[in-house]
Amino acid sequence: MNRLYQIIMFVLLSFLFVILQSTFFSPKHLGIFYPDLNLIFVVFLGLFSEVRGSAIIALGNGFMMDVLSGNLIGLYSLSRLSLFLVLKGLSTHIYAQSRITQVIGLFCSTLFSWGFIWIGLKMRTDFRISFGEIMAQSFVNTIVGLPLFWLIKNLYARVQA
Amino acid sequence: MRFLRRHPILISIVLFFFATQFISLRYEGRQVGDSFSSFILTLTYYPQKLIFILTGAIVNVWQNYIELVGVRNENERLRNEIRKLRQEKFHLWEAELQNDRLKKLLGLKGNSTYDVVSANVIAGSPSILRSQVVIIDKGSENGISQGMPVATYEGIVGRILLVGEKSSEVILITDDISAVDAYIHRTRARGIVKGTGGGCIMEYLEKKADVSVGDKVISSGKDGFFPKEVVIGTVVETEASGGFIRARVLPDMDLNSLEEVVVILKLPEEKVLNE
């Protein structure tokens with residue numbers, strides 16, 4: 001039963017973050033300094049989630065991003081799934097509870113995610129976001145990500161108990 | 001799952017291969033309007049609408065009761081009046097020019113009108129890659145379909161990209177993939193207004209064309225999406241570009257703070273959809 005609650009919690013959180021990012025934290029209003037809540041959530045799933053089906057939640061999260069971003073089908077779905085799998089693979093080799101690891105994880109995950117999109121798109125179309133902007137987003141995600149991790153971890157612990 | 005955990009790099013390379021094959025920011029060849037995407041759009045409608053109503057209510061309370069109520073209302077009324085007068089002035093100017101042209105051609109041309117549906121902008125794109133997308137609170141149940149033009153009383157805003165039952169996605173004219181067939185209002189010089197991510201440029205204007213800063217740009221109606229003679233914006237800069245002139249066009253309204261729009265219930269012409 002606990003597992004079911006955990007899955008429901010993650011699905012609801014994923015949905016909530018997509019909604020928040022399309023309303024209060026939309027890049028339309030905040031520009032490159034918007035916190036990518038969905039990316040932070042996928043990093044959390046990759047580092048901490050022990051729930052089976054987290055990969056599907058990460059994929060679903062990416063798909064919702066694709067749909068709400070003018071039908072960029074595949075772009076976020078694949079990059080988020082890829083990021084989740086890399087983090088999941090690494091999570092057994094690192095101490096994810098350490099704050100330093102989380103800071104590095106958030107920063108590098110943003111870079112990885114943009115790198116994936118950048119290389120993928122550069123081969124076919126224009127890509128207008130500069131490296132400086134990607135770095136700025138990495139900083140914003142790291143700053144917003146730490147308290148968000150704490151919040152989700154508390155929720156997760158309650159559901160696990 | 002164990003395989004996935006053991007070989008994350010391999011899986012990422014496979015996913016990356018798929019990404020390079022299928023991902024594109026461009027519009028062509030993409031299957032838009034599929035039912036699952038529409039379902040996601042409808043699913044997100046309710047919370048987005050709720051947030052829109054709540055924030056609207058809070059902002060309204062703040063503006064109406066905390067700020068100076070009378071000054072604000074008066075200001076709003078005068079702004080609306082100025083907008084109407086500007087629009088009227090523009091129509092008169094347009095009618096005069098049109099009259100002259102028609103006299104010269106010894107012909108008559110009628111303007112067709114379409115039904116419109118007004119809508120509120122309830123959300124924006126969650127991605128910086130395509131930030132020039134907004135979500136409105138009207139969908140297929142209000143008669144909206146893919147490709148319909150969206151405007152405000154000040155001019156063209158964009159067109160419908162994806163339709164859900166209760167909400168729709170609008171791609172703004174400032175988006176990279178947006179293009180509108182247009183005229184310079186004063187001289188009828190024709191070109192294509194393209195989005196640049198944050199603004200618009202008018203391209204393919206003939207070198208001999210008479211274009212200057214301050215000229216109004218209007219839609220030609222020849223792209224099959226937008227009705228003719230709707231204001232797009234004003235020329236703010238011109239430069240030579242190869243054998244053509246390129247003009248930077250500033251939309252007359254602030255597309256970053258859109259609140260209300262109207263969807264013109266004009267279906268795109270079939271030839272455009274088939275292209």
Side-chain angles (χ1 to χ4, degrees), chain A residues 15-32 34 36-38 52-53 55 63-79 81-92 112 116-117 119-129 133 137, chain B residues 1 4-9 11-16 18-27 30-34 36-41 43-44 47-48 50-52 55 122-135 161-162 169-171 175-177 196-197 255-258:
Chain A
F15 190 67
L16 175 74
F17 287 143
V18 169
I19 297 297
L20 285 178
Q21 205 165 305
S22 66
T23 50
F24 291 120
F25 303 110
S26 172
K28 187 144 188 60
H29 310 302
L30 302 176
I32 195 69
Y34 77 101
D36 197 337
L37 301 178
N38 298 286
R52 279 190 179 186
F63 183 73
M64 282 197 282
M65 285 283 291
D66 281 336
V67 171
L68 294 178
S69 316
N71 237 352
L72 294 167
I73 298 302
L75 185 68
Y76 283 99
S77 308
L78 293 179
S79 72
L81 180 63
S82 181
L83 173 66
F84 170 82
L85 292 173
V86 169
L87 287 172
K88 201 82 224 158
L90 288 173
S91 65
T92 49
F112 173 88
F116 188 98
I117 293 169
I119 299 169
L121 287 179
K122 200 72 181 172
M123 289 184 178
R124 301 171 71 90
T125 58
D126 289 342
F127 187 81
R128 290 178 189 277
I129 294 166
E133 287 174 320
Q137 236 234 329
Chain B
M1 195 64 196
L4 296 181
R5 279 192 184 205
R6 282 184 185 170
H7 304 94
I9 305 297
I11 301 293
S12 287
I13 289 169
V14 172
L15 287 172
F16 178 72
F18 276 109
T20 55
Q21 294 306 306
F22 299 116
I23 288 173
S24 169
L25 279 179
R26 298 202 188 285
Y27 192 70
R30 185 173 296 131
Q31 179 61 43
V32 292
D34 60 289
F36 195 59
S37 300
S38 297
F39 170 72
I40 295 286
L41 199 62
L43 197 68
T44 53
Q48 283 173 340
L50 183 71
I51 288 173
F52 170 75
T55 49
I122 56 170
S125 165
S127 159
I128 192 82
L129 275 176
R130 177 153 292 148
S131 61
Q132 301 301 309
V133 168
V134 293
I135 295 162
L161 184 67
L162 178 68
E169 248 175 33
V170 179
I171 188 133
D175 191 275
D176 291 331
I177 64 165
T196 58
L255 293 173
N256 284 320
S257 56
L258 279 176

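Everything numeric here is computed off the predicted structure, so don't read it as measured data.
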Nearest non-hydrogen partners of A/Ser22 and B/Gln48, listed with the distance: OG-NE2, 2.9 Å

So which part of B/Val134 gets closer than 4.5 Å to some heavy atom of chain A, the side chain, the backbone, both or neither? side chain

Value rounded to 0.5 Å, distance of CD1 in A/Ile117 from CD1 in B/Ile128: 11.5 Å

A/Val67 and B/Leu41: which non-hydrogen atoms are nearest, and at how many Å? CG1-N, 4.5 Å

Non-hydrogen atoms of B/Ile122 and A/Thr23 that approach each other most closely: O-CG2, 3.9 Å

Search all heavy atoms of A/Gln21 against all heavy atoms of B/Pro126 and return the closest pair with its distance. NE2-O, 2.7 Å

Under a 4.5 Å heavy-atom cutoff, which of B/Ala123, B/Ser125, B/Ser257, B/Pro47 has the most pairs with chain A? B/Ser125

Can you find a pair of side-chain heavy atoms, one from A/Phe63 and one from B/Ser37, that are under 4.5 Å apart? yes

Where on B/Leu43 is there a heavy atom nearer than 4.5 Å to chain A: the side chain, the backbone, both, or neither? both

Should A/Tyr34 and B/Ser131 count as side-chain neighbours, where that means a heavy-atom distance under 4.5 Å? no

Measure distances from A/Leu16 to the heavy atoms of chain B and classify the residue's part below 4.5 Å as side chain, backbone, both or neither. neither

For a quick test of reading the model, state the closest non-hydrogen atom pair linking B/Glu169 to A/Ser69 and the distance between them. OE2-N, 4.2 Å

Of all residues at least two apart in sequence or in a different chain, which pass the side chain to side chain contact (heavy atoms under 4.5 Å, CB included) check with B/Thr55? A/Phe24, B/Ile51

Rounded to the nearest 0.5 Å, how far does CG of A/Leu75 lie from CG of B/Leu129? 5.5 Å

